[in-house]
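None of the values given here were measured: they were computed from a predicted structure.
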Amino acid sequence: MSEALDDLLDLLDLERIEQDIFRGRSRSAIVPRVFGGQVAAQALVAAGRTVPDDRTAHSLHAYFLRMGDPGAPIVYTVDRIRDGRSFTTRRVVAVQHGQPIFHLSASFQTYEEGLDHQAPMPDAPAPDSLPSAEEILPRHAGRFIAPEIAERMLEARAAVDLRYVDAPPYASVGEPREARSQVWFRTNGKLADDPLLHVCLATYVSDMTLLDSVLLAHGRGGWTVGDVVGASLDHAMWFHRPFRADEWLLYDQESPSAHGGRGLGQARIYTQDGQLAISVIQEGVVRVPRG
């Protein structure tokens, strides 16, 4: 296991300070706010620790309410909304400085047999044939608003091997193209056989690139090149089938709409053998700077 992945797992190992109250810390972020994927993953950890082991997460719905302070702890309070025969529902509120910054509803289910079908996996080159972030980012560092951004991005994403199928937004500024992006990802190291851990790590990664497809449609490079400003507004995920976050997953993303300073991204995440594991939808603020 890489040191960076070990640090990320430590970040997700929340401190229980009361029966349904947990405390988490933040890691250094590329921008001066808490990374949204971190808060979502920590909130799901908090919810999952109040649920019986025989129930796995099947969906989450979340809103980002305020910008998080990376220098302050985050307190997660879990409400036990429902414990049914098959389903368990939890609501989590994340608080900093006395104010809610994020809230999440998550549902967990016992395993059962049922109808089974899925959308087919789209074509994509094998992940091992694609360049790594360590190869791509330094090539484009000259485009960024500050020379140290490439190194900070590599440090922030060191726990995850993330590979773009086509050029990322910052590498194709000024070249509008189809509002679609594909990324392969997996953790940089093996994980324990804990289904909640794999779901939480996929949640963490899911916030990294989902709005790229919005930028691609308009030839924008993103905050790293300074031609848009943005932030996640809400996030929803459905976990359909078992998967491992330490094995390659294809994140197939597209944007059906951008309007009113907001952009919508939707995606499907597939295992390398073609199983549809997760569906994701996110809306975010995507604004062109004035002046």
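- Within 6.0 Å of CZ on R268 lie no more than 12 heavy atoms contributed by other residues, nucleotides or ligands.
- Residues passing the ring-ring contact (aromatic ring centres under 6.0 Å, His included) test with H240: none are found, sequence neighbours excluded.
- The two residues T187 and L201 come nearest to each other via the heavy atoms CG2-CD1, 4.2 Å.
- Listed by chain and number, the residues in a salt bridge (Lys or Arg N to Asp or Glu O under 4.0 Å) with R163 are D161 (sequence neighbours excluded).
- With Q96 contributing its side chain and A72 its backbone, the two residues share a donor-acceptor pair below 3.5 Å.
- Of the possible donor and acceptor atoms, none in the side chain of Q182 sits under 3.5 Å from a partner among the backbone N and O of A124.
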Under 3.5 Å, which donor-acceptor pairs link side chains of residues 226-237 to any protein atom two or more places apart or in another chain?
residue, atom, partner, partner atom, Å
D227, OD1, G221, N, 3.1
D227, OD1, G222, N, 2.9
D227, OD2, G221, N, 2.7
S232, OG, D207, OD1, 2.9
D234, OD1, E283, N, 3.1
H235, ND1, Q282, NE2, 2.7
H235, NE2, S206, OG, 2.9

Using atom types as modelled, flag every donor-acceptor pair under 3.5 Å from a side chain in residues 165-172 to any protein atom, sequence neighbours excluded.
residue, atom, partner, partner atom, Å
S172, OG, P168, O, 3.4
S172, OG, R177, NH1, 2.9

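- Of all the heavy atoms in G24 and L14, the pair that sits closest is CA-CD2, 3.7 Å.
- The closest side-chain donor-acceptor pair between E113 and Y111 falls under 3.5 angstrom.
- Summarising the geometry of P100 relative to V93, their closest heavy-atom pair is CB-CG1, 3.8 Å, with the distance given to 0.1 Å.
- Residues satisfying the ring-ring contact (aromatic ring centres under 6.0 Å, His included) test with F243, not counting sequence neighbours, are none.
- Applying the ring-ring contact (aromatic ring centres under 6.0 Å, His included) test to residues at least two apart or on different chains, none of the pairs has a partner in residues 178-203.
- A distance of 12.0 Å separates CG in L104 from CD in Q42, rounded to the nearest 0.5 Å.
- R180 is linked by a salt bridge (Lys or Arg N to Asp or Glu O under 4.0 Å) to D252, counting only residues two or more places apart in sequence or in another chain.
- Scanning all heavy atoms of the two residues, the minimum distance from L44 to A106 falls at CD1-CB, 3.9 Å.
- Considering every non-hydrogen atom in both H218 and V214, the closest pair reads CD2-O, 3.2 Å.
- The ring-ring contact (aromatic ring centres under 6.0 Å, His included) test applied to F108 returns no partner, not counting sequence neighbours.
- The salt bridge (Lys or Arg N to Asp or Glu O under 4.0 Å) check on D53 picks up nothing, with sequence neighbours excluded.
- Only one option out of V78, V92, D79 pairs with D20 in a side-chain contact (heavy atoms from CB on, under 4.5 Å); it is V78.
- Taken to the nearest 0.5 Å, the CD atom of Q253 stands 6.5 Å off from the CG atom of D212.
- Shortest non-hydrogen contact noted between A159 and L8 is CB-CD2, 3.8 Å.
- Follow the hydrophobic side-chain contacts under 4.5 Å out from Y270 and you never reach V205; the two are in separate clusters.
- Among pairs with a residue in residues 125-137, those fulfilling side chain to side chain donor-acceptor pair (under 3.5 Å) read S132-E134, S132-E135, at least two apart in sequence or across chains.
- The SG atom of C200 lies 11.5 Å from the CG atom of L191; values are rounded to the nearest 0.5 Å.
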Going through the distances and angles, do T209 and Y251 end up as a side chain to side chain contact (heavy atoms under 4.5 Å, CB included)?
-> CA-CA 9 Å; T209 63; Y251 200 3; 3.7 Å; yes
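- Checked against ring-ring contact (aromatic ring centres under 6.0 Å, His included), Y204 has the following partners two or more places apart in sequence or in another chain: F35.
- Atom CZ of R16 has more than 12 heavy atoms from other residues, nucleotides or ligands within 6.0 Å.
- Separating the CD1 atom in I101 from the CG atom in D69 is a distance of 8.5 Å, to the nearest 0.5 Å.
- The line from CZ of R139 to CG of L137 is 10.0 Å long, rounded to the nearest 0.5 Å.
- The neighbour count for Q118 CD, taken as heavy atoms of other residues, nucleotides or ligands under 6.0 Å away, is above 12.
- Using a cutoff of 4.0 Å between basic side-chain nitrogens and carboxylate oxygens, D13 and R25 are not scored as salt-bridged.
- Remark: D123 CG is loosely packed, at most 12 non-hydrogen atoms of other residues, nucleotides or ligands lying under 6.0 Å away.
- Annotation: ring-ring contact (aromatic ring centres under 6.0 Å, His included) contacts involving residues 64-103, sequence neighbours excluded, comprise H58-F87, Y63-H103, F64-F102.
- Inspection of the S26 and Q38 side chains reveals an N or O donor paired with an N or O acceptor under 3.5 Å.
- Rounded to the nearest 0.5 Å, atoms CD1 (I278) and CD1 (I269) are 4.0 Å apart.
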